[in-house]
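Since the structure comes first, as structure tokens, the remarks are kept for the end.
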Amino acid sequence: MLLTPAESQALFLSLRVSLVAVGAALPFAVVTAALLANRRFPAKPVVDGLVHLPLVLPPVVIGYLLLLMLGTRAPVGAWLLHTLGIRFVFSWTGAALASAIITFPFQVRAIRLALESIDAGLGEAAETLGAGWFDRFVNLTLPLALPGILAGAITAFAASLGEFGAIITFVSNIPGETRTLPLAIYSALQAPGGEDEALRLSLISIVLALIGVTLAEIADRRVRASLGR
Amino acid sequence: MTATMSVDVYLSHDFAGFSVDAAFSIDSPGITALFGPSGAGKSTIINAIAGLLRPREGRIVINGREVFDSAKNLFVSPRARHAGYVFQDSRLFPHMSVENNLRFGWRRAEQPASETDIAHVVELLGLAPLLARLPARLSGGERGRVALGRALLSSPELLLLDEPLAALDAARKSEILPYLERLRDETRLPMLYVSHSLEEVSRLADNMIVLQSGRIAAQGSVFELMSDLKFALLLGSQPFGSVIDTRVKEHLPNGLTALEFAGGIFLVVKIARSARSRVRVHIRAEDVMLALEEPKAVSANNVLPARIAAVEAQGAAHANIQLACGEVRLVARITQASLARLDLKPGSDVFAIVKSVTVDPQISAV
């Protein structure tokens, strides 16, 4: 199946937005998950609630809130634009930011579960062998949580590929800049006689999803084998 | 290696409905057993020494270095205590090969062991064929050996072993025991060995500390304590017997080996051990018969003249008897009926007929 330039543009934009969204959110997700796993502190319910908010809020609301905060005339957005030259609105980076926020809970949940399933006794053993907390985190916790981190990243990536509401509200629907696959399908359906185009784009989405699921399965098996499971 | 090795422990700790209060010192290399039933406080003590548990009150000194003192609010973290810990569940890192597990503590040691030392530990514990494997591909006994090697290679000043054999079946146990004996005989490392198995303790330990409900009930050399009648009472119905340190005197042409000890000679079925080598033997109290006159025609190979040192009733029907055989103490368990019939009292001269002398098996190819 040969793709038209507009189709491949939408496809590669989707991939780029999702990869950047997941990659950029991952370190924050690991830290947040580590904070929430196996620990009690007074503000925990608040942090927990904030992390899960994107899961329960309509994506359009997230997009609108982002626009209110990061629009070029909004306080944070204006400051970013004038001092750092960063502009999120009408830019693919804004799409990635919106996707990252929407899919953040998926990452945190999976990583947190993985962290909580690690035997605390291994950490004690490492401690008696001379490993400090950072050493243990890097050489024990992270590798042992790798299946969970991978699962979280893949779920977030897949969810990000389908993000529509937050992206279109925050960064609009600009071909080549913010028009990802779901937005391209929407646009095709809006245009007279665009049903064939919408169907082709939907097929691309389906094939992409299948490839993603297969790669995820292979990666998961490899990681588990390396952990001796 | 430092010339003097010592561990001084005093601690007090409370749990819900249970408290541990113990004070002891270890100042010799070799294995000291922390012996007692489950819930006696054994794990609390070694976890406190390792720094995995902070007692409510106490003071712990390892080789002259204070690692915990509640009065000074001093608490040295486990990583800085240089106490190697062998856990009951081995706790190998599942994502690392056996070799990387072995080198984990070694890489982090202040004075890491040399490659020769690593090779020696690998040889001592028979780990060479396992090095490339992941822990999931090891048997229980192999895991225990790797855990032991990993702790040894972290250059510890003290080795803590928390029931390293308890999770293993009899066959796996007898696979590891000889390695622990080699370790005891070849290193000068003090080891604190937690166990509820009298069999393990009497095979491995040089000294023992007996714990009961969080308190120290008895303490001393294994050779002395095992022949102590008060200790026998602590054991209740567990099989009880003497442990005696002997040396191979000679291999006789009649298929027996003569083992000499401070109280005489034991004859055992020929063992594959060179002359002069040290051999620890076990004699169960049930396997010792007493006679007032020297039996002339008897199938047992070992008949030793002895004097009764102490008599203690055990339950309603039995009596434990401590015998002085030269400097060595043996124990016998007979019925109270026999005790009365033979009119045995402390000071009586008797002949001890030893029906069976057990010698610990060794690793076949050393």
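Only this structure's heavy atoms are used, side chains among them; waters, hydrogens and symmetry mates stay out.
Of the candidates A/Leu144, A/Leu142, A/Leu122, B/His95 forms a side chain to side chain contact (heavy atoms under 4.5 Å, CB included) with just one, namely A/Leu144.
Both the backbone and the side chain of B/Arg150 come within less than 4.5 Å of a heavy atom of chain A. Neither the backbone nor the side chain of B/Ala109 has a heavy atom closer than 4.5 Å to any heavy atom of chain A. In this structure, the portion of A/Asp135 lying under 4.5 Å from any heavy atom of chain B is its side chain and not its backbone. Neither the backbone nor the side chain of B/Leu160 comes within contact range of chain A, judged by heavy atoms closer than 4.5 Å.
The 12-atom threshold is not exceeded at CZ of A/Arg221, counting heavy atoms of other residues, nucleotides or ligands nearer than 6.0 Å. Within 6.0 Å of CZ on B/Arg103 lie more than 12 heavy atoms contributed by other residues, nucleotides or ligands. Other residues, nucleotides and ligands contribute only 12 or fewer heavy atoms inside 6.0 Å of the CZ atom of A/Phe28. By the neighbour-count criterion of 12 heavy atoms within 6.0 Å, atom CZ of A/Arg222 is sparsely surrounded, having that number or fewer from other residues, nucleotides or ligands. Other residues, nucleotides and ligands contribute more than 12 heavy atoms inside 6.0 Å of the CZ atom of A/Phe41. Around CZ of A/Phe164, the count of heavy atoms belonging to other residues, nucleotides or ligands within 6.0 Å exceeds 12.
Rounded to the nearest 0.5 angstrom, B/Ile49 CD1 and A/Thr128 OG1 are separated by 13.5 Å.
Looking at every heavy atom in both residues, B/Arg108 comes nearest to A/Ala131 through NE-CB, 3.8 Å.
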